[in-house]
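Beneath this line is the structure, given in structure tokens, with notes to follow.
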Amino acid sequence: MVDVITEIKQLRAEIDQHNYRYHIQDEPSIPDAEYDRLFQKLQALEKDHPEYISDDSPTQRVGSAPISGFEEVQHEMSMLSLDNAFSEEDLRDFDRRVRERLDGLLEVPYACEPKLDGIAVSLMYENGELIRGATRGDGSTGENITHNVRTIPSIPLRLMGEGIPNRLEVRGEIYMPKAGFNALNERALAKGEKAFVNPRNAAAGSLRQLDARITATRPLEMCCYGIGVFSGGEMPDTHVDSMQQLNRWGFKISRYLELVEGAQGCFSYYQRMAELRNTLPYEIDGLVFKVDEYQLQKQLGFVSRYPRWAIAHKFPAQEEMTQVESVEFQVGRTGAITPVARLKPVFVGGVTVSNATLHNMDEISRLGLRVKDWVIIHRAGEVIPKVVRVVVDKRPVDAEDVCFPQSCPVCDSDIEKIAGEAIARCSGGLSCSAQRKEALRHYASRKAMNIDGLGEKLIDALVDKELLKSVADIYLLQHKDIAGLDRMGDKSADNLIAAIENSKSTTLARFIYSLGIREVGEATARNLANVFGDLSAVVEASEEQLLAVPDVGEVVAHYIKTFFVQVHNLDVVTALQEAGVHWPKLESNNLENQPLLNKVYVLTGTLELMSRDDAKGKLQQLGAKVSGSVSKKTDCVVAGPGAGSKLAKAESLGILVLDENAFVSLLVSYGVAAS
Ligand code: D41
């Protein structure tokens with residue numbers, strides 16, 4: 001039987017090890033329940049033997065009693081700032097200055113890392129033990145936040161491993177991951193409290209607590225970016241080696257830390273990270289490039305507060321301010337009435353934005369938005385721009401409340417709003433020209449019946465002239481109806497008639513998709529076609545039978561059933577078939593015939609033997625899901641030439657990667673022809 005203190009120490013070491021695996025390496029080694037048992041055991045032993053409680057015990061992270069105020073901390077070595085580069089040219093200038101000062105060195109090795117959007121801090125360790133945490137402040141004086149940093153799980157209370165120096169100052173960024181930020185705000189709103197504006201403010205607010213028990217409930221993380229004071233040990237020679245050493249001592253470092261050669265290496269890193277930016281679980285506002293070798297850093301020195309050996313390359317802003325000129329209401333394909341903000345054009349996230357959806361009235365109330373308000377627009381990656389908040393301080397005196405229309409703004413039909421649902425709908429159905437236009441647009445779209453030339457403007461004109469009352473009317477159109485409309489010449493009219501004729505020969509999956517049943521997207525349509533094999537089986541299927549189809553849940557099953565019991569819908573389906581729309585008969589494919597059922601595939605790079613849409617269709621036919629981004633859930637990545645960050649990510653996660661030839665062989669092995 002070991003004595004209590006030995007048992008306590010063993011438990012602490014074991015828990016620290018699991019913490020390290022979980023928070024630093026991102027690879028939990030035991031289930032949460034098992035971890036909780038170890039933790040409770042340690043807590044119980046410490047309760048019985050309070051004389052053995054020590055500051056570095058993992059049980060001591062819950063937060064101590066409130067302090068009365070923040071003390072000032074003088075940094076022993078000042079914490080420098082970062083100069084910014086906003087363009088490729090700025091970065092080239094930086095690299096040129098570096099090389100000039102290094103006697104014309106041709107290629108400088110740079111350490112590259114993401115620039116986390118958080119709060120810079122300094123952590124002081126003496127003989128391996130955390131003795132002080134401080135904010136960067138103005139670089140020479142910060143605030144003592146030891147009580148708060150001690151609650152952050154990715155900050156070690158005691159260093160682990162070999163070669164620990166007598167004194168070590170670790171510098172890094174404390175930030176709040178996006179998911180934790182969203183959850184925190186949801187909790188705040190549910191309690192009627194104010195939400196934080198962004199993850200950075202939430203992190204700052206959490207560190208500014210006098211009561212560490214509050215900080216302990218905030219999802220904060222820390223990632224290291226440098227070393228300050230270092231004595232009584234052997235300091236590595238380069239930035240990358242130092243970071244790896246810190247990682248072995250128990251700190252989190254960026255998984256994207258990389259060593260590249262010269263400005264060209266920095267650009268290529270920039271390109272890859274810009275693509276990854278929106279898929280990261282935390283916000284970054286740019287990248288940091290650092291001359292890797294300390295010897296060279298020393299030679300370069302610094303000017304005022306900026307080191308000459310490092311630069312931050314900022315990404316284009318994803319948030320900008322602009323003014324709402326008006327709020328209009330659009331009617332969608334399913335009658336949903338959506339408020340849209342018309343904005344003074346603003347350049348954000350790489351494009352000029354002049355409209356942003358406001359989703360529904362609840363969203364407008366949540367934002368507290370009035371017409372003429374100044375607002376913050378967020379646009380990240382390819383997503384639709386969003387109004388994230390109103391700048392109330394800038395509200396003009398003549399700002400007006402937004403009035404929801406009393407009837408459909410297009411056809412004047414009554415508006416229906418189901419209690420508890422945020423969305424209001426026009427009750428006019430296909431008698432509402434807006435809904436008819438949307439239904440026609442959807443029917444003719446590329447992934448539906450693919451009628452080239454039947455675009456938005458032409459549909460508007462044909463509906464306004466009452467030539468198109470339903471999608472079936474498309475097949476009654478004649479040359480004379482079209483020529484002369486919307487700048488259509490004879491030739492374009494001929495082409496359109498030919499495209500309409502061509503569209504008659506289609507597939508069952510496309511046909512089902514083109515009907516525009518609520519929530520039935522391409523993948524669901526394909527699954528319905530595969531499972532039922534022919535249209536009458538889909539029309540007649542019960543809700544239970546529909547539920548057996550991959551991707552179809554109760555709500556979707558209900559929408560499908562509702563669609564096919566309505567006589568006017570069945571009339572349109574019959575009219576389309578009578579007009580000559582047809583598809584090859586499919587063998588009804590029960591679920592066992594989908595060998596890739598629920599497997600997640602990602603396509604990247606250029607495919608040379610087939611189009612991306614074809615590859616996607618074939619995978620879906622075999623039951624696979626095709627996703628746009630690589631994650632731990634991905635089963636396989638098909639990579640053609642030019643594949644970039646997705647391929648790199650797949651390789652780093654150890655996911656199966658196929659080139660196009662191997663992919664074609666796979667298809668053939670499942671009886672699917674390559675073209
Ligand atoms: O991720 C960051 N925010 C980050 C900040 C980083 N990756 N590296 C940094 N490196 C430095 C130098 C080169 C001065 C050691 C930094 C910062 N500084 C920094 N953060 C706030 C002020 C300066």
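As the structure is a computational prediction, the values presented were derived from the model and not from experiment. For the numbers below, each heavy atom of this structure counts, side chains included, while hydrogens, waters and symmetry mates do not. When a ligand or atom number is given, it counts from 1 through the structure's own listing order.
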State plainly whether the residues Arg96 and Glu100 are in salt-bridge range, i.e. N to O under 4.0 Å.
no
Ligand 1 atoms nearer than 4.0 angstrom to some heavy atom of Lys115 are 1 (O), 2 (C), 3 (N)
Do Cys224 and Met222 touch side chain to side chain, with heavy atoms closer than 4.5 Å?
yes
Side-chain contact test, heavy atoms from C-beta onward, threshold under 4.5 Å: evaluate it for Gln60 versus Glu46 and give yes or no.
yes
Taking only Lys NZ, Arg NE, NH1 and NH2, and the carboxylate oxygens of Asp or Glu, determine whether Arg200 and Glu283 approach each other closer than 4.0 Å.
no
Tell me which protein heavy atom sits closest to atom 8 (N) of ligand 1, plus the residue, atom name and distance to 0.1 Å.
Lys290 NZ, 3.0 Å
Can you check whether His239 and Tyr294 have ring centres sitting under 6.0 Å from each other?
no
Any nitrogen or oxygen of Ser81 lying under 3.5 Å from a nitrogen or oxygen in ligand 1? Just yes or no.
no
Can Arg99 and Asp95 be counted as an ion pair, charged N to O under 4.0 angstrom?
yes
From atom 21 (C) of ligand 1, work out which of Ala312, Ala120, Gly139 has a heavy atom at the shortest distance.
Ala120
Using every non-hydrogen atom in the two residues, find where Leu130 and Tyr125 come nearest and quote the distance to one decimal.
N-CD2, 3.4 Å
Ligand 1 atoms nearer than 4.0 angstrom to some heavy atom of Glu113 are 6 (C), 7 (N), 8 (N)
Could you list the atoms of ligand 1 found under 4.0 angstrom from a heavy atom of Trp309?
13 (C)
Ligand 1 versus Val288: contacting region, heavy-atom distance under 4.0 Å
side chain
For Asp373 and Gly368, work out which heavy atoms get closest and say how close.
OD2-O, 3.9 Å
Return the closest protein heavy atom for atom 19 (C) of ligand 1 as residue, atom name and distance.
Tyr225 OH, 3.5 Å
With a heavy-atom distance limit of 4.0 Å, tell me whether Arg136 approaches ligand 1 through its side chain, its backbone, both, or neither.
side chain
Pull out every atom of ligand 1 sitting under 4.0 Å from any heavy atom of Leu80, numbered as shown with elements.
14 (C), 22 (C), 23 (C)
For Ala310, the ligand 1 atoms with a heavy-atom partner under 4.0 Å come out as 13 (C)
Counting heavy atoms only, which part of Pro114 comes closer than 4.0 Å to ligand 1: side chain, backbone, both or neither?
backbone
